[in-house]
Each structure stands twice: as C-alpha cells, then as structure tokens.
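Quick notes on the structure that follows.
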Amino acid sequence: MGLMLQLSPLNQRRFARFKANKRGWYCLWIFITLFIISLGTEIIANDKPLVLRYDNQWYFPVFVRYNEDVFSNQQPLPLEANYKGPYIQNVINEKGGWMIWPLIRFNYQSINYDLTEPVPSPPSLQNWLGTDDQGRDVLARIIYGFRVSILFAFSLTLISSVLGIVVGALQGFYGGWIDLAGQRFIEVWSGLPMLYMLIILASFVQPNFWWLLGIMLLFSWMALVDVVRAEFLRGRNFEYVRAARALGMRNSAIMFKHILPNAMVSTMTFLPFLLTGAIGTLTSLDFLGFGLPPGAASLGELVKQGKENLQAPWLGISAFSVLAIMLSLLVFIGEAARDAFDPRR
C-alpha cells in the first residue's frame, strides 16, 4: 500500500495491469525468491560448517578462515582446517565439540573423494544431482552458477542501459551532426565481431568476471540507443518541451525531467529481454571455453560437460532445466511488463 501511495495515478494503473497478469506476477515472485536464496549460497552449499563448538568456544568457519593449529597444538599447520577430514573431526569430538553443516556439504569447487562409482557419478543421497566429470557436486555448482549468471546479467544490463539511454538521449534531443556522427559510429561499431575479439583477447588475458563484463559492455550499450533516440526525436517537438525551452529551462532538465519519463516506457519493456540475452551470451561463451576461468561456477561449463558425457544424462538435463526455468521466468516477466507499459492501454 505504501508503494502504491507513492506512485502517480498512471504508474498505479500500470502496476495494477502488471499484477493482473498472473503469470508474470507469479514469475516475478518466484524469480525474486530464487535470487534471494542464491545470495546466501555459501550458507546453503559449502564444505565448511556453519557453526562449530570447540573447547567452550564458538567458531563460524563459513565466514572466518581458521587454520588447523587452532584446533590442535600437537601438529600446528599453517593450512586451513579440513572439517571433513577424520583428524579434525576426532579432535573436535574429543573436546565434546559439535558442528552444524549446511544443507549441501559441498561448494562449487569441492571434490567428493568418497565416491564408490566412477565420475561422473549418478545422483545419490550424498550428491542429489550427481557429480560432474571431476567429482564436483552438480547441485552446488548450479546454485553458485545461477548467482553468477544473474549478477553478471544485472550488472551488464544496468550499466549498458545507462550508457544506451544517455547516448540515445543526446542523439535524439540535439539531432544534426551529433545524431549523424553517432549513427555512423554505431553502424561501424556494431559490425565488429564480438566473438572473434573475445577469442583474440583470450590469448593475451585470462578471462574473469570483470574482464568479460567490460568486453561485453563495449557492445551491449547499443541495444537501447535506437529506442531512446526515436522517443527523443519525437518528444523534442512536443508543445510542453517547446514551452519549457521558451521559459529558459536548461536542456539537461528538459531531457531528463520531461522527455526521459516518456522514453522510459519503451525502455522498461526491453530490460527483461536484455537480461535473458546477457545470460545466454555468458552461457554461450562458457560453453565455447572463452568465458569464466576454468573451475568457476558456470552453467555454460555444465552444458559443455553434458555434451561431452552423453552417458551421464543428469548433467545435460540439470543444465537445461535450470536455464529453461530461469529464462522462462524472465521472458514471462518481460511480457507482463510490456503489456503493463503499453501506451495503447
């Protein structure tokens, strides 16, 4: 209710139309729930205990690194304690200690050394979705990979949208040689093959999250330029814009106070689809081997393992299911937002 009271009557009607689309509304809440859960991935899937009680003291291994010599004075080692190892467990039990483990006792890098079957091993009580070809828990890698994909897509969409809106606004509002030069630059820049540039740069620099974000940002900012430019070309000739200019209002105030709110209607409908495009691009790069570093939590790498290990169908099925659900949720949310912001309604 508080949010509805702060919104303008027009935005209240848009929100009501979005909420009336039950499929998009429910998908939004499902996606928000999954995203919030993924933010606490370390608490859900980890090879370290959440809470440890030892010698009448409390320890929190998930948040703090403890070396092995903290729990034993007989064999002090400057290495992080292996809480799954029998030595540390025996030392803690001798002092009457105990540990509370996460729901999944593996993180995305943990290797299950207690497997009784060759890797990739099928689903079991210990590994609910099985293991990959390196003995790592598939479910843990999916949860971590989901978070990485969403954070990457959010970061790329947010930054590229800001740049695209600014560039499109400048071109559409001023027109003339600014618009002409901008359009010619976009035509040339959009013709560059992004995949080939990534392949070339990958031979010089080890790809990582921020490196990929920067490279993709060089090309993704153009997605909204044409939409915003068209809205500003149309809006700059409206009567209220001319009146504001005649009253001496600054161009920046006219652009971002009067014209931009109208341009955001079409822009908002594109954002969920930009998210799906960013997730698909990152997954494709990881599948081809030009994405995140080896060993990183990646849905694309899991898809690649499913292709290379056809005898382990749980790998491909798990990767496909996660990507299908995630992208379907975003598409349904985008469709609901498009209908809510449709000016014809």
Side-chain angles (χ1 to χ4, degrees), residues 1-40 142-143 145-166 168-169 172 216-217 220-232 234-235 256 258-284 299 319-345:
M1 289 298 296
L3 177 62
M4 291 294 292
L5 292 176
Q6 295 177 3
L7 295 176
S8 64
L10 176 60
N11 287 328
Q12 289 183 19
R13 291 195 299 270
R14 289 170 178 167
F15 181 78
R17 285 200 297 266
F18 181 86
K19 190 175 180 179
N21 190 321
K22 297 301 182 182
R23 183 175 62 182
W25 178 251
Y26 292 143
C27 287
L28 175 63
W29 281 107
I30 293 173
F31 180 80
I32 291 175
T33 302
L34 293 176
F35 179 63
I36 293 176
I37 292 175
S38 69
L39 294 179
I142 285 177
I143 298 175
F146 178 87
R147 182 178 65 178
V148 170
S149 298
I150 295 300
L151 291 178
F152 181 87
F154 276 159
S155 302
L156 182 63
T157 302
L158 177 62
I159 301 174
S160 61
S161 297
V162 172
L163 293 177
I165 290 172
V166 171
M216 300 221 11
L217 186 60
S220 61
W221 62 270
M222 295 178 288
L224 293 177
V225 171
D226 291 338
V227 176
V228 177
R229 170 178 171 269
E231 292 292 336
F232 270 76
R234 182 173 63 94
F256 296 103
H258 293 290
I259 306 179
L260 183 60
N262 295 327
M264 289 301 295
V265 173
S266 58
T267 303
M268 288 294 296
T269 61
F270 275 87
L271 293 183
F273 303 104
L274 294 179
L275 282 171
T276 58
I279 294 173
T281 303
L282 179 63
T283 303
S284 301
L299 298 178
F320 170 78
S321 301
V322 173
L323 288 172
I325 293 173
M326 179 167 49
L327 296 179
S328 297
L329 291 175
L330 290 174
V331 169
F332 292 148
I333 295 171
E335 290 180 349
R338 180 192 60 195
D339 295 340
F341 282 89
D342 190 349
R344 294 173 296 181
R345 298 192 178 188

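Treat the numbers as computed from the prediction; the structure is a model and nothing was measured. The analysis underlying the following values was restricted to heavy atoms, covering all of them including side chains, and did not include hydrogens, waters or symmetry mates.
Atom OG of residue S161 and atom CD1 of residue I159 lie 10.0 Å apart, to the nearest 0.5 angstrom. Atom CG of L323 is separated from atom OG1 of T283 by 5.0 Å, given to the nearest 0.5 angstrom. Summarising the geometry, atom NZ belonging to K19 is positioned 11.5 Å from atom CG belonging to L28; distances are rounded to the nearest 0.5 Å.
Residues satisfying the side chain to side chain contact (heavy atoms under 4.5 Å, CB included) criterion with F320, sequence neighbours excluded, are A324. Residues that satisfy the salt bridge (Lys or Arg N to Asp or Glu O under 4.0 Å) test with R14, not counting sequence neighbours, are absent from this structure. Residues passing the side chain to side chain contact (heavy atoms under 4.5 Å, CB included) test with T276, sequence neighbours excluded: F273, L327, L330, V331. Checked against side chain to side chain contact (heavy atoms under 4.5 Å, CB included), F332 has the following partners two or more places apart in sequence or in another chain: R23, C27, S328, E335. With sequence neighbours excluded, the residues satisfying side chain to side chain contact (heavy atoms under 4.5 Å, CB included) with T267 are I165, L224, V228, M264.
Looking at every heavy atom in both residues, W221 comes nearest to V225 through O-CG2, 3.5 Å. Between G24 and A336 the shortest heavy-atom distance is CA-CB, 3.8 Å. The two residues I279 and M326 have their closest heavy-atom pair at CG2-CE, 3.8 Å. Nearest heavy-atom pair, G168 versus F232, reported as atom, atom and distance to 0.1 Å: O-CB, 4.5 Å.
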Next on the checklist: Apply side-chain contact (heavy atoms from CB on, under 4.5 Å) to residues L329 and L34 and explain how you reach the verdict.
Outcome noted: CA-CA 11 Å; L329 291 175; L34 293 176; 4.0 Å; yes
Please output the side-chain donor-acceptor pairs of residues 145-155 that fall under 3.5 Å, not counting sequence neighbours, one pair per line with the distance.
unit_1	atom_1	unit_2	atom_2	d
R147	NH1	E42	OE1	2.9
R147	NH1	E42	OE2	3.3
R147	NH2	E42	OE2	2.8
S149	OG	G145	O	2.9
S155	OG	L151	O	2.8

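In this pair, W29 and W25 present their aromatic rings perpendicular. The plane angle is above 60°, beyond the 30 to 60° band.
Counting heavy atoms from C-beta on, the side chains of T281 and L156 never come closer than 4.5 Å.
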